[in-house]
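Reading through the structure tokens given below for one structure.
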Amino acid sequence: MDDELHERIRSVIADVPAGTVATYGDIAALSGAPSPRLVGRVLAEDGHDLPWQRILRANGTPAPHLAHEQLERLRGEGVLADGQRVDLRKYRWRPDGVAEEDGPDGLF
DNA sequence: GATATGACTGTTT
DNA sequence: GAAACAGCCATAT
């Protein structure tokens, strides 16, 4: 039932190391959630014990109502955000064993 | 059971 | 870069 999925989502979020961030889509994909909405819903309802500050939207911007606090918390972890946007290219969490590929322009 | 809502994403215009 | 549209799932009323 979704209880297991609920736990799985929490587990993946808790597995995100400090100093890094992940998108809702990432959490959804890694936890097996059918849609990122589930991730947001879990956090909204039962994410008080999780590092929700490390979960950002696809474009690197945090949730609108928590943006201020979220950015402040991330700042304390070493994740510096430019105004309201975080450099996913640099801080985005990658599961172990996955190598990164640079873009065609040799972009970082 | 239908409608509306929400810590979302991706494509298209 | 912004706005519109469609998909996606669980709750609340």
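Residue numbers start from 1 in every chain, and the chains themselves are labelled A, B, ... in the order their sequence lines are given, proteins ahead of strands.
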Could you tell me the separation between the [atom1] atom of [X] and the [atom2] atom of [N], rounded to a whole number of Å?
{"X": "A:L66", "N": "B:dG6", "atom1": "CG", "atom2": "P", "result": "14 Å"}
{"X": "A:N59", "N": "C:dA2", "atom1": "CG", "atom2": "P", "result": "10 Å"}
{"X": "A:L43", "N": "B:dT5", "atom1": "CG", "atom2": "P", "result": "22 Å"}

ask   = At under 4.0 Å, does any side-chain N or O of A:R57 touch on OP1 or OP2 of B:dT9?
value =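 So the side-chain polar atoms of A:R57 never come under 4.0 Å of the phosphate oxygens OP1 or OP2 of B:dT9.
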ask   = To the nearest 0.5 Å, what is the distance between OG1 (A:T23) and CG (A:L30)?
value =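 Answer for the OG1-CG pair, A:T23 versus A:L30, is 8.5 Å.
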key: Salt bridge A:E77-A:R73, side-chain N to carboxylate O under 4.0 Å   = no
task = Considering only atom C1', compute the distance from B:dG6 to C:dG7 and round it to an integer number of Å.
result = 15 Å
ask   = Distance between the C1' atoms of C:dT13 and B:dG1, in whole angstroms?
value = 12 Å
query = Nearest nucleotide by nearest heavy atom, which residue falls closer to the 5' end of DNA chain C, A:E45 or A:S35?
reply =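 Nearer the 5' end of the strand: A:S35.
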key: Residue closer to the 5' end of DNA chain C, A:L38 versus A:R85 (nearest nucleotide)   =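 By nearest-heavy-atom nucleotide position, the 5'-most residue is A:R85.
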query = Nearest heavy-atom pair of A:I9 and A:S31: which atoms, and what distance?
reply =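 In this case the closest contact between A:I9 and A:S31 is CG1-OG, 3.4 Å.
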ask   = Is the number of heavy atoms from other residues, nucleotides or ligands under 6.0 Å of A:Q84 CD greater than 12?
value = no
query = With a 4.0 Å cut-off on heavy atoms, is A:A58 in touch with a base, just the backbone sugar-phosphate, or nothing at all?
reply = sugar-phosphate
